[in-house]
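Worksheet for the structure shown next.
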Number of protein chains: 2
Amino acid sequence: MSAPLLNFSRDEYAQRVAKTRAAMAAAGVDVIIVSDPSNMAWLTGYDGWSFYVHQCVVVGPDGDPIWFGRGQDANGARRTAYLGESDIIGYADHYVQSTERHPMDYLSAKLEERGWGAKRIGVEMDNYWFSAAAYASLQKHLPNAKFSDVTALVNWQRAVKSSQELDYMRKAARLVERMHQTIFDKCEVGYRKCDLVADIYEAGLRFDDGLGFGGDYPAIVPLLPSGADASAPHLTWDDKPMKSGEGTFFEIAGVYKRYHCPLSRTVFLGKPTQTFIDAEKAVLEGMDAGLEAAKAGNLCEDIANAFFAVLNKYGITKDNRTGYPIGLSYPPDWGERTMSLRPGDKTVLKENMTFHFMTGLWMDDWGFEITESIVIGANGPECLANVPRRLHVKD
Amino acid sequence: MSAPLLNFSRDEYAQRVAKTRAAMAAAGVDVIIVSDPSNMAWLTGYDGWSFYVHQCVVVGPDGDPIWFGRGQDANGARRTAYLGESDIIGYADHYVQSTERHPMDYLSAKLEERGWGAKRIGVEMDNYWFSAAAYASLQKHLPNAKFSDVTALVNWQRAVKSSQELDYMRKAARLVERMHQTIFDKCEVGYRKCDLVADIYEAGLRFDDGLGFGGDYPAIVPLLPSGADASAPHLTWDDKPMKSGEGTFFEIAGVYKRYHCPLSRTVFLGKPTQTFIDAEKAVLEGMDAGLEAAKAGNLCEDIANAFFAVLNKYGITKDNRTGYPIGLSYPPDWGERTMSLRPGDKTVLKENMTFHFMTGLWMDDWGFEITESIVIGANGPECLANVPRRLHVKD
């Protein structure tokens with residue numbers, strides 16, 4: 001089988017593993033079981049829609065990481081990860097969705113074989129892909145191991161992006177620009193939501209001869225609720241026509257090699273209500289204030305406080321966070337789940353951290369989103385995409 | 001706020017809750033915490049891409065189910081579920097991705113308030129959306145509760161489909177037919193994978209005036225690996241052109257109101273190799289044998305054994321299961337995770353159970369998929385979609 005085409009140099013992967021091992025040492029663990037597919041990909045290159053069955057990457061005290069997953073997916077590891085044959089472990093298919101045995105039973109045996117059965121083992125306790133049953137299996141089959149919680153340990157290592165990662169995110173930004181242009185071109189009264197989503201996928205995926213690349217799937221499907229449905233941030237779409245007199249926000253992401261550039265804009269069909277005009281004014285002024293604070297040395301909460309102060313001036317209360325880090329992601333979330341842009345988060349911003357500055361408002365019977373994805377710089381942020389930052393009105 | 005447009009009658013939802021309570025009684029639990037978004041939707045109508053934060057539906061000893069989720073998503077529950085205001089509980093945003101507090105801490109308090117703190121509580125131990133940390137929080141904050149595992153308890157209630165559910169699945173079948181027609185029309189040497197995926201989304205989503213509806217998002221993105229990549233069942237796509245002399249399988253689903261009709265076909269560009277011609281012969285003959293066995297009263301394993309017997313006759317060994325139940329689904333899986341079509345599964349087939357008869361072969365350096373989605377009938381199955389069942393060759 002030919003060597004996989006990796007998205008990063010072997011050297012970059014080696015640096016990632018080394019950073020992770022340093023964090024493991026600081027956390028007092030010898031071995032970590034990494035269930036988050038984004039972390040698995042970041043450490044090894046592994047890429048596949050196989051996270052619906054139990055799988056993980058194990059980073060031990062030395063050597064390359066180990067891929068563990070369903071036997072039939074081991075070929076996927078061979079074709080996408082840099083790992084050697086001895087570091088790819090597939091489990092037999094009778095472990096899949098069985099009530100009698102659990103894939104983690106088998107992993108325990110494999111860890112014992114490597115002499116790691118009595119080690120200090122970190123697990124991602126609050127990850128989607130590490131179920132309560134997976135933990136129960138490990139506890140039962142590795143009675144001498146000392147388990148501790150390393151949720152987000154690897155995610156934190158991903159916070160500052162390399163130049164290759166930023167290159168992928170800038171490519172994703174080109175795609176999200178194209179997607180929003182399409183939305184603005186196509187969106188009109190009577191046009192159906194499902195048709196607009198087809199257009200959005202077209203713009204997000206199709207190869208562009210000028211750009212020289214095409215797109216990948218987003219970790220979240222397009223969100224485009226209208227009118228009162230926009231009071232709920234996570235409704236998807238139906239096959240009904242768009243109506244006059246309603247605002248619709250479009251929360252979407254361009255994606256290149258699993259790197260995301262999320263960006264939201266709001267379109268109003270017809271004459272915008274005063275509510276939307278006021279929201280636009282407050283959000284844009286607040287974003288300027290927040291972007292001003294988005295520089296290395298400041299804190300996560302500085303961005304949020306600057307933004308919220310302007311909203312408060314306009315009498316708008318937003319009680320949810322106003323952003324999160326972004327980068328390499330798999331469903332169900334394009335956030336990295338480490339820092340949050342919210343009051344109280346004292347994380348120091350560093351150059352080349354990347355965030356979705358998520359300034360969305362979800363009120364009682366309307367919603368409004370104008371957002372930016374940003375790279376933290378020494379003196380201020382780079383906005384990854386260039387999409388006119390305003391309420392888009394089609395009358 | 002106006003009443004939500006439900007996809008099923010209130011009566012159908014009431015029957016679902018009643019069936020679930022009967023299963024709870026049989027399992028010896030008073031309360032269940034349902035984390036699976038498919039189960040949540042099936043019980044309450046709730047629909048939204050909010051499963052990336054902790055949420056659940058609680059079914060207690062009496063009354064309507066309770067929706068529990070992030071505060072900002074409560075509006076989504078109000079707009080999609082039939083629940084009254086007192087049965088929608090939102091948690092504050094500082095519980096989101098916090099290292100200090102867990103949303104399940106808050107749920108525990110709410111269950112105590114209802115007097116359920118010392119009840120026998122069932123949890124979905126092996127569900128993606130019920131993390132090890134969620135369980136640890138419940139155990140800590142409800143020390144008097146008796147927890148037990150009800151993984152798949154609700155999923156099992158979903159196995160036999162209602163006529164309304166079958167109607168949605170037949171609509172999904174129309175969409176998957178259109179998707180495969182598009183693939184066959186567009187697929188050719190030099191055509192890029194990402195472009196073909198854009199075409200697939202177009203065919204799966206756009207409103208069809210003849211049909212009178214448009215599509216929804218699939219729980220799994222299109223899988224379309226070529227050549228040796230097809231040895232791995234779960235690779236997605238890149239932006240490279242398709243090559244001559246390679247087989248590509250297309251594993252996709254049409255989706256209508258979250259109900260899925262998966263269907264796979266394989267396209268060979270150029271003159272098919274003997275391997276593909278042999279695989280086609282064996283799989284088609286095996287499928288005929290399996291479909292023959294797909295009738296009420298037979299067992300799940302009967303379908304698998306019939307299929308595998310033919311494969312063995314042709315010297316092909318498939319060591320993974322050959323199908324699973326389908327219906328209402330959210331990412332990451334369109335399977336229902338209850339029965340499996342594999343030797344040893346003695347579940348009795350009933351009328352209006354629905355399966356993806358997943359006859360895919362993933363060999364050392366090639367892969368081949370021709371599959372059908374079926375409804376179990378008294379005397380045999382209904383194949384939901386009508387897509388020519390053969391290896392598609394474009395020379």
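Reminder, nothing fancy here: chain letters follow the sequence lines and each chain counts from 1.
- Side-chain contact, A/Glu124 with A/Trp129: no donor N or O sits under 3.5 Å from an acceptor N or O.
- With a 4.5 angstrom heavy-atom cutoff, B/Asp216 touches chain A via backbone and side-chain atoms both.
- Between B/Glu202 and A/Glu202 the shortest side-chain heavy-atom distance does not fall below 4.5 Å.
- Counting heavy atoms from C-beta outward, B/Phe130 and A/Ser131 have side chains that stay 4.5 Å or more apart.
- When side chains are defined from C-beta on, B/Leu211 does not count as touching B/Lys171, because their heavy atoms never get closer than 4.5 Å.
- Looking at A/Arg206, the atoms closer than 4.5 Å to chain B (heavy atoms on both sides) sit in the backbone and in the side chain alike.
- Ranked by non-hydrogen atom pairs under 4.5 Å with chain B, the options A/Asp73, A/Thr338, A/Leu235, A/Asn127 are led by A/Asp73.
- Between B/Pro343 and B/Phe308 there is a side-chain heavy-atom pair separated by less than 4.5 Å.
- Highest contact tally toward chain A, considering only B/Ala77, B/Ala74, B/Gly215, is held by B/Gly215 [criterion: heavy-atom pairs under 4.5 Å].
- Contact annotation for B/Tyr95: neither backbone nor side-chain heavy atoms come within less than 4.5 Å of a heavy atom of chain A.
- For a residue to count as touching a neighbouring chain, one of its non-hydrogen atoms must lie under 4.5 Å from one of that chain's; by this rule A/Tyr135 touches chain B with the side chain only.
- Of the residues considered (A/Pro332, A/Gly71, A/Ala198), A/Pro332 shows the highest number of contacts with chain B, using heavy-atom pairs under 4.5 Å.
- Heavy atoms closer than 4.5 Å to chain A are found in both the backbone and the side chain of B/Arg321.
- Using a 4.5 Å cut-off between heavy atoms, B/Ser137 makes no contact with chain A at all.
- At a threshold of 4.5 Å between non-hydrogen side-chain atoms, the residues A/Arg342 and A/Thr322 do not count as touching.
- The shortest distance between side-chain heavy atoms of B/Asn320 and B/Lys318 falls below 4.5 Å.
- With a 4.5 Å cut-off on non-hydrogen atoms, B/Ala219 touches chain A through its backbone but not through its side chain.
- Only the backbone of B/His94 comes within less than 4.5 Å of a heavy atom of chain A; no side-chain atom from C-beta onward does.
- For B/Leu196, no part lies under 4.5 angstrom from a heavy atom of chain A.
- Nearest heavy atom pair, residue B/His102 against residue B/Ala134, reads CE1-CA, 3.6 Å.
- Aromatic ring pairs are classed by plane angle as parallel below 30°, tilted from 30° to 60° and perpendicular above 60°; the pair B/Tyr217 and B/Trp49 is tilted.
- Most heavy-atom pairs under 4.5 Å with chain A: of the set B/Gly335, B/Ala132, B/Ala232, this distinction falls to B/Ala132.
- Here the closest heavy-atom approach between residue A/Val197 and residue A/Pro222 is recorded as CG1-CG, 4.2 Å.
- Contact of B/Thr236 with chain A is made through the side chain alone, with heavy-atom distances under 4.5 Å.
- Note on A/Phe213, A/Tyr52, A/Tyr324: by heavy-atom pairs under 4.5 Å with chain B, the leading option is A/Tyr52.
- Side-chain atoms of B/Asp93 and B/Gln72, non-hydrogen and from C-beta on, do get closer than 4.5 Å to each other.
- Nearest heavy-atom pair across B/Ser340 and B/Cys300 is O-CB, 3.6 Å.
- In this structure, B/Phe51 and B/Tyr330 have perpendicular ring planes: the angle between them is above 60°, well past the 30° mark.
- For B/Val123, no part lies under 4.5 angstrom from a heavy atom of chain A.
- Neither the backbone nor the side chain of B/Asp149 comes within less than 4.5 Å of any heavy atom of chain A.
- Judged by distance alone, the side chains of B/Asp199 and B/Tyr191 do bring a donor and an acceptor atom under 3.5 Å apart.
- If you tally non-hydrogen atom pairs under 4.5 Å between each of B/Thr99, B/Thr80, B/Asp126, B/Ile220 and chain A, the highest count goes to B/Asp126.
- Interface remark: B/Arg337 contributes backbone and side-chain atoms alike to the contact with chain A (heavy atom separation under 4.5 Å).
- Neither the backbone nor the side chain of B/Met104 comes within less than 4.5 Å of any heavy atom of chain A.
- No side-chain donor from either of B/Arg79 and B/Tyr46 sits under 3.5 Å from a side-chain acceptor of the other.
- If you tally non-hydrogen atom pairs under 4.5 Å between each of B/Ala133, B/Gly204, B/Pro225, B/Ala152 and chain A, the highest count goes to B/Ala133.
- Among A/Asp238, A/Asp345, A/Asp47, A/Asp229, the residue with the largest count of heavy-atom pairs under 4.5 Å with chain B is A/Asp229.
- Only the side chain of B/Tyr256 comes within contact range of chain A, judged by heavy atoms closer than 4.5 Å.
- Per-residue counts of heavy-atom pairs under 4.5 Å with chain A were compared for B/Lys240, B/Lys193, B/Lys257, B/His54; the largest is that of B/His54.
- Only the backbone of B/Asp319 comes within less than 4.5 Å of a heavy atom in chain A; its side chain stays farther off.
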